[in-house]
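Below: one structure, written as structure tokens.
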There are 2 protein chains.
Amino acid sequence: MSTTNLAGANATPPNRHAMPFVRIELAVLTVTDGRLAVLLGRRAAAPQQGQWALPGGVLRIDLDRDLEAAAQRVAMERLQVPLPFLSQLRATGGPQRDPRAPWALSIAYRALLRFEAFTPSPGKRLEALQWTPADAATTDLALAFDHADLVRIAVDTTRAEIDRLDLPDGFLPDCFTLSELQASCEAILGRRLDKSSFRRRLDDHHVVEPIPGAMRTGAFRPAQLYRKR
Amino acid sequence: MSTTNLAGANATPPNRHAMPFVRIELAVLTVTDGRLAVLLGRRAAAPQQGQWALPGGVLRIDLDRDLEAAAQRVAMERLQVPLPFLSQLRATGGPQRDPRAPWALSIAYRALLRFEAFTPSPGKRLEALQWTPADAATTDLALAFDHADLVRIAVDTTRAEIDRLDLPDGFLPDCFTLSELQASCEAILGRRLDKSSFRRRLDDHHVVEPIPGAMRTGAFRPAQLYRKR
DNA sequence: TCAAAAGTGTTTGGGTTACACCCATGG
DNA sequence: CCATGGGTGTAACCCAAACACTTTTGA
């Protein structure tokens, strides 16, 4: 034990070494057309021009208060809309990931949003945006960089959360019927759920609460409206 | 498939923006003295000289093949031993995290290792190393930077893995008795487990298999030896 | 033969599935 | 009155906890 490093605070000047190219990538998921879908952007410029990829951008240390704020700024730039309810997925890095830099590090974030409440439009460096069914995105399309891995991780963690009824914020409207909620969960998971078990589980875990007096009326019997928690 | 990367393609020259100071932090856990413990290093130099912190170091894009390799190199430098079986915990970043740089980003890794098979010694920039009970580390000691949060995350995810019998590599010897395994799990979780349920769960999940003919003899009745999977 | 550790049932309960059934409404 | 979706009840099952029990060894 020991060897004091002389206090000469002059230990390592931090910027003695080159730092990697640090980016944020966004895996934005939604439910549309009865399935889980991921938002892909077509790259307007090299590298990988014309390829589909997750929207992303460079970390700006002069602008971003933290990583999540960086992700939100990137969302504004690429998707032209705010992006609430982010959760961090993972970081990946290496020398071969991006031809623009000798070493590229990406922090991936995920959001799960309501289709109706989120209408992005292609911002800087994107020719187009498109919702792609989640399972097709990881298999059929050849996504740029290592984004297929990131989509897979986003989808898997999201399905796991839904499985244990840990419902992410952002994909539920303020009020909804239990059947609507069940349909959303089924779309995300890609399989049918049993109505009775689903409802029992919901209230064992205190996931939702009825809104007193609020009912959805429609063609048939009115349905109780609920809110989260 | 891919478009060639025209060197000058007027995409963004990546280094137009300053990049953050990128570090790796290591949360190395073990079981000793019947409890889960985390390896802390006493910082030899400013900032936070003399404070206890997770061992860590700067990402070196000239040396590291990827983030995990970076973590292994940092382990060699700080702990003087290799550090296998790493898993990524999370990334955190912001302008106030480290006075050495205007913006600091850390990627935290975790390892769970056998106490007997891992004897680190303080390397560069560390005065001392010490195993500290995991729960005390997050409460009693005032760890440097935001490392208390990282320890908490490391401990929580590790306990969750053990709970679901998703036993990380690296903390089991090649062969062991079921009682030894149970004792390790109890130490990590901080609570007693029922022998019978534990064993039934082990073989329902096919976590371990008996090594034919191998027995541990000792003071009392010999015990069957097992290996992982 | 006894202490100590290895190892094996057996009962109970919580939680989930599967499935059947009733209720309310607009047409 | 009936089609349709909202809503509830019940039995079976799976898993794990709790706890009691038998087995094998060295001293």
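Convention: sequence-line order gives letters A, B, ...; per-chain numbering from 1.
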**Report entry** Donor/acceptor link under 3.5 angstrom from Arg221(A) side chain onto base of dA24(C)
**Finding:** no

**Report entry** Interatomic distance, Phe176(A) CZ vs dG6(D) P [rounded to whole Å]
**Finding:** 14 Å

Requested in this report: Pull out every residue in residues 182-199 of chain B that has a heavy atom closer than 4.0 Å to any atom of DNA chain C, ordered by number, or say none.
Outcome: Lys195(B), Ser196(B), Arg199(B)

Query raised in the report: If only atom types and distance count, is the side chain of Arg42(B) paired as donor or acceptor with the main-chain N or O of Gly50(B) below 3.5 Å?
Result: yes

Query raised in the report: Can you check the Arg200(A) CZ to dT10(D) C1' distance for me, whole Å?
Result: 9 Å

Requested in this report: Report yes if at least one side-chain N or O of His205(B) is closer than 4.0 Å to OP1 or OP2 of dA16(D); otherwise report no.
Outcome: yes

Query - Residues, nucleotides or ligands: over 12 heavy atoms within 6.0 Å of Asp166(A) CG - result: yes

Query raised in the report: Is a donor on one side and an acceptor on the other found under 3.5 Å between the side chain of Thr139(B) and the backbone of Asp135(B)?
Result: yes

Report task. Tell me what Arg201(A) touches on the nucleic acid: a base, only sugar-phosphate, or nothing, going by heavy atoms under 4.0 Å. Result -> sugar-phosphate

Query raised in the report: Atom CD of Gln224(B) to atom P of dT24(D): distance rounded to whole Å?
Result: 14 Å

Query raised in the report: Measuring from Ile153(A):CD1 to Arg110(A):CZ, what's the distance to the nearest 0.5 Å?
Result: 12.5 Å

Report task. Answer yes or no: is there a donor N or O on one side and an acceptor on the other, between the side chain of Thr138(A) and the main chain of Ala148(A), under 3.5 Å? Result -> no

**Report entry** Test: Arg201(B) and Asp194(B) ion pair at under 4.0 Å
**Finding:** no

Requested in this report: Decide salt bridge (charged side-chain N to carboxylate O under 4.0 Å, His left out) for Glu209(A) and Arg229(A); before the verdict, give the C-alpha distance in whole Å, the side-chain angles of both, and the deciding distance to 0.1 Å.
Outcome: CA-CA 6 Å; Glu209(A) 61 186 6; Arg229(A) 268 211 103 203; over 6 Å; no

Report task. Using only side-chain N and O atoms of Ser179(A), determine if any of them is under 4.0 Å from OP1 or OP2 of dG5(D). Result -> no

Query raised in the report: Does Arg216(B) get its side chain close enough to the base of dT24(D), under 3.5 Å, for a donor-acceptor pair?
Result: no

Report task. Take Phe220(A) and Leu178(A), find for each the nucleotide of DNA chain D with the closest heavy atom, and name the residue whose nucleotide sits nearer the 5' end. Result -> Phe220(A)

Requested in this report: Give the rounded distance in Å between these two atoms: CG of Leu202(B) and C1' of dG7(C).
Outcome: 13 Å

Query raised in the report: To the nearest angstrom, how far is Asp204(B) atom CG from dC13(D) atom P?
Result: 17 Å

Query raised in the report: Whole Å only: how far is the CG atom of Asp203(B) from the P atom of dG7(C)?
Result: 13 Å

Query raised in the report: Whole-Å distance between dG7(D) P and Leu181(A) CG?
Result: 12 Å

